[in-house]
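FYI, the numbering just counts along the sequence from 1. All heavy atoms count here, side chains included; hydrogens, waters and symmetry mates do not.
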Amino acid sequence: MSDSPVHLTASGPPETVLDDEPEEAQAALADALAQPVDEQRAAVAAVVARWPRYLDAWAQLGQLGRDDVECYAYHRVGYHRGLDRLRANGWRGSGYVRWRHPTNQGFLRALGGLRVAAAAIGEHDEEQRCAEFLHQLDPEWKQVNR
């Protein structure tokens, strides 16, 4: 069982807020994304290799994939790593994980990217599941892919 608190809301399910990523990892990702476009993918991959639990790094790598299958794979890894992180932070399979908390955005970005990538490779049932899950986690979710 986790020592991380689960935030209760006055009007509904509990809300999970993920912990911050290490400052060094955040700086490394920002530096990688500031590289010339043709060098970004390799630079972000190096960040993922150093911090394999960094959800936004996986989501960003998914955006930089060379084809639809590669994008799908990176987003799927970010999504599954995110489920692990959510559970470690007290999430029990239901409740809110809202975009308004910056520390949740990497997970939600990976899940949103997985939805888009699933559509691109014809996995329409997966696309629908991801869309429904996004709205269950954050009922205010509106962005197609952040």
Item to complete: Dump the intermediate steps for side chain to side chain contact (heavy atoms under 4.5 Å, CB included) on R41 and L61, then the final yes or no.
Response: CA-CA 6 Å; R41 187 184 156 286; L61 192 55; 4.0 Å; yes
Item to complete: Using the side chain to side chain contact (heavy atoms under 4.5 Å, CB included) rule, take L111 and L137 through it: C-alpha gap first, then chi angles, then the decisive distance, then the call.
Response: CA-CA 11 Å; L111 178 55; L137 295 171; 3.8 Å; yes
Discussion item. Quick one, F107 with L83, criterion side chain to side chain contact (heavy atoms under 4.5 Å, CB included). Give me CA distance, side-chain angles, the key distance, then yes/no.
Written reply: CA-CA 8 Å; F107 170 71; L83 291 175; 4.1 Å; yes
Worksheet entry | W99/Q105 under side chain to side chain contact (heavy atoms under 4.5 Å, CB included): CA gap, chis, key distance, verdict | CA-CA 5 Å; W99 177 266; Q105 292 176 6; 3.6 Å; yes
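In this structure, L18 and N89 approach most closely via the heavy-atom pair CD2-ND2, 3.6 Å. The shortest heavy-atom contact between H124 and A119 is CE1-O, 3.8 Å. Nearest heavy-atom pair, G106 versus A59, reported as atom, atom and distance to 0.1 Å: O-CB, 3.8 Å. Considering all non-hydrogen atoms of both residues, C71 and G65 come closest at SG-CA, 3.6 Å. When every heavy atom of D67 is checked against every heavy atom of V69, the shortest pair comes out as OD1-N, 3.1 Å. Looking at every heavy atom in both residues, G78 comes nearest to A110 through C-CB, 3.8 Å.
By the salt bridge (charged side-chain N to carboxylate O under 4.0 Å, His left out) test, R85 pairs with E21, sequence neighbours left out. The side-chain contact (heavy atoms from CB on, under 4.5 Å) test applied to E126 returns Y72, R76, L114, A118, E123, R129, C130, not counting sequence neighbours. E132 is linked by a salt bridge (charged side-chain N to carboxylate O under 4.0 Å, His left out) to nothing, counting only residues two or more places apart in sequence or in another chain. Qualifying side chain to side chain donor-acceptor pair (under 3.5 Å) partners for H135, counting only residues two or more places apart in sequence or in other chains: none.
With a 4.5 Å cut-off on side-chain heavy atoms, L55 and Y79 do not count as touching.
Separating the CG atom in L86 from the CG atom in N104 is a distance of 7.0 Å, to the nearest 0.5 Å.
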Considering only distance and modelled atom types, tabulate donor-acceptor pairs under 3.5 Å from the side chains of residues 32-40, sequence neighbours left out.
| from | atom 1 | to | atom 2 | distance (Å) |
| --- | --- | --- | --- | --- |
| Q35 | NE2 | D31 | O | 3.2 |
| Q40 | NE2 | L33 | O | 3.0 |
| Q40 | NE2 | Q35 | O | 3.1 |

List the atom pairs, donor and acceptor, that lie under 3.5 Å between side-chain atoms in residues 44-54 and the rest of the protein, sequence neighbours left out.
| from | atom 1 | to | atom 2 | distance (Å) |
| --- | --- | --- | --- | --- |
| R50 | NH1 | E24 | OE2 | 3.2 |
| R50 | NH2 | E24 | OE2 | 2.8 |

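By the rule that hydrophobic residues join a cluster once side-chain heavy atoms approach within less than 4.5 Å of another member, L29 and Y74 end up as members of one cluster. One hydrophobic cluster holds both L64 and V77 under the rule that ILVMFWY side chains link at heavy-atom gaps under 4.5 Å.
Ring geometry for W91 against F133 counts as tilted: the plane angle lies between 30° and 60°, on a 0 to 90° scale.
Classification of D84 and R81 as a salt-bridged pair fails, no side-chain N sitting under 4.0 Å from a carboxylate O.
The side-chain hydrogen bond (donor to acceptor under 3.5 Å, both in side chains) with H75 is formed by just one residue from the set R115, E70, Q63; it is Q63.
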